[in-house]
Amino acid sequence: MEKSWILFGLHEMDGVGKKTISKLMTGRHNLPDLLHYEEGDWVQAGLRKDQAARLAKSFDTDWIEHRREAVYKQGIQVITYLDEDYPILMKETVQAPWVMYGRGDMSLLHTKAIAMVGTRMPTVYGRKVGERLTAEFCRAGLTIVSGLARGIDSTCHEAALRAKGKTIAVFGTGIDKIYPPENKKLAEQIAETGLLLSEYPPGTRAHQGLFPERNRIIAGLTLGTLVVEADIRSGSLITADAALEAGRDVFAVPGPITSPKSRGSHNLIRQGAKLVTCADDLLEEYRMDLPNPEQLPYNRGRSPEKGQGNPADMFPKVSLSSDESRIISLLEQDERSLDQLVEQLGWDFGHLHSVLLSLIIKKQISQLPGTKYARV
């Protein structure tokens with residue numbers, strides 16, 4: 001039996017984690033010999049008695065074949081650290097997964113990719129910036145990698161699909177256990193043209209400790225990580241740390257200084273992350289390596305081509321009064337109800353309604369159900 005499938009078998013065995021596999025892989029053990037180990041051999045190899053008993057009883061060629069067939073019947077592909085097509089960028093990281101499971105286009109593991117992550121409760125500003133940057137990156141040929149979480153992750157996956165780009169969703173569960181459940185349809189759409197990926201065997205359910213580990217894969221598969229919007233305790237900052245540990249670039253989008261949802265991003269910028277105010281701030285780092293350089297929105301030092309526009313214009317420029325600007329500043333943090341705006345601005349209803357109507361006409365805000373207003 002091939003060594004890669006023996007490694008897969010170890011990974012599928014209950015009670016055998018990556019630390020145990022690392023111990024076996026770095027020790028003087030010939031993988032094919034493991035198929036014939038007795039309980040004492042496993043104990044001598046450094047395993048606990050309960051692990052040794054389980055492996056001595058079940059770990060053989062027939063059991064591995066059974067597990068392989070069960071995985072393939074679910075339409076899941078397997079790639080191991082020993083395979084030639086294991087992604088090079090991932091192999092260069094400190095804690096590369098021994099085994100990864102995929103559903104979709106596995107060739108995306110070898111494309112130029114950028115991680116896009118952020119808060120699970122984004123503001124209107126964060127969602128809009130994530131959507132626009134994602135579309136630009138997809139047009140330039142980058143694959144978008146994120147974690148299928150609520151908020152910025154889902155926003156970027158969805159934007160990549162709308163732009164007819166490629167996206168990889170890295171799970172913190174088995175890829176047959178979609179989390180959060182409301183993203184089931186999104187996951188199915190990604191699987192059609194992109195890739196679902198996990199290091200956890202099928203059947204693995206969500207629990208808190210798995211998601212921080214998942215973040216190192218998001219960072220490890222990519223050239224760099226862009227934090228779109230994050231508060232000071234956002235889990236996306238763990239992905240940024242993983243990127244730094246892997247020697248990858250870290251980027252961050254600035255936000256309103258009054259927004260708590262941007263404090264984590266601003267802290268990254270203070271620590272040296274590259275500030276991104278337009279797509280080209282990131283694209284210029286990889287211009288020579290991109291598959292579609294002709295699709296870049298513009299090149300520094302020359303005017304944009306007719307019809308291309310300038311990606312530095314994240315939002316259309318229109319003339320705003322000081323009162324209109326105050327409302328925009330609030331709505332860029334998050335949507336607001338009419339009552340909230342009255343309370344926060346202290347204006348009479350007639351004046352507020354007039355300013356809101358002007359902003360709607362200028363297509364700067366939209367009115368939502370429940371008499372709420374949001375940034376367009």
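Computed over heavy atoms, backbone and side chain alike; hydrogens, waters and symmetry mates excluded. The structure presented is a predicted model; accordingly, all values stated were derived computationally and were not measured. Along the sequence shown, the residues carry numbers beginning at 1.
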Checklist entry - Do the non-hydrogen side-chain atoms of Thr80 and Val78 ever get within less than 4.5 Å of each other? => result yes

Item to check | Any Tyr125 side-chain heavy atom under 4.5 Å of Val228 side chain | outcome: no

Item to check | Centroid separation Phe59 to Tyr37 less than 6.0 Å | outcome: no

Checklist entry - Do any N or O atoms from the side chain of Thr155 and from the backbone of Gly151 form a donor-acceptor pair under 3.5 angstrom? => result yes

Checklist entry - How close do Gly46 and Lys23 get, heavy atom to heavy atom, and via which atoms? => result O-NZ, 3.1 Å

Item to check | Donor-acceptor pair, side chain of Arg150 and main chain of Pro180, under 3.5 angstrom | outcome: no

Checklist entry - Do any N or O atoms from the side chain of Arg205 and from the backbone of Lys177 form a donor-acceptor pair under 3.5 angstrom? => result no

Next on the checklist: For Glu2, I'd like to know if atom CD has over 12 heavy atoms of other residues, nucleotides or ligands within 6.0 Å.
Outcome noted: no

Checklist entry - In terms of side-chain heavy atoms, does Ser265 have a donor or acceptor partner in Glu229 at a distance below 3.5 Å? => result no

Next on the checklist: I'd like to know if the side chain of Gln77 pairs up with that of Tyr72 as donor and acceptor (distance under 3.5 Å, no hydrogens or angles considered).
Outcome noted: no

Checklist entry - Centroid-to-centroid, His11 to Tyr101, below 6.0 Å? => result yes

Checklist entry - Would you call Leu356 and Ile327 a side-chain contact if the rule is heavy atoms closer than 4.5 Å? => result yes

Checklist outcome for this item: side chain to side chain contact (heavy atoms under 4.5 Å, CB included) with Met25: of Thr20, Leu7, Leu10, only one passes, and it is Leu7

Checklist entry - Do you know the tightest heavy-atom contact between Leu196 and Phe171? => result CD2-CE1, 3.9 Å

Next on the checklist: Tell me if a side-chain donor or acceptor on Glu332 pairs with a main-chain N or O of Pro256 at a distance below 3.5 Å.
Outcome noted: no

Item to check | Flag if over 12 foreign heavy atoms under 6.0 Å of NZ, Lys91 | outcome: yes

Next on the checklist: Using the rule given for salt bridge (Lys or Arg N to Asp or Glu O under 4.0 Å), can you reason through Arg103 versus Glu192, listing the C-alpha separation, both sets of side-chain angles and the distance that settles it, and then say yes or no?
Outcome noted: CA-CA 9 Å; Arg103 176 177 287 152; Glu192 290 178 4; over 6 Å; no

Checklist entry - Do any N or O atoms from the side chain of Thr26 and from the backbone of Ser22 form a donor-acceptor pair under 3.5 angstrom? => result yes

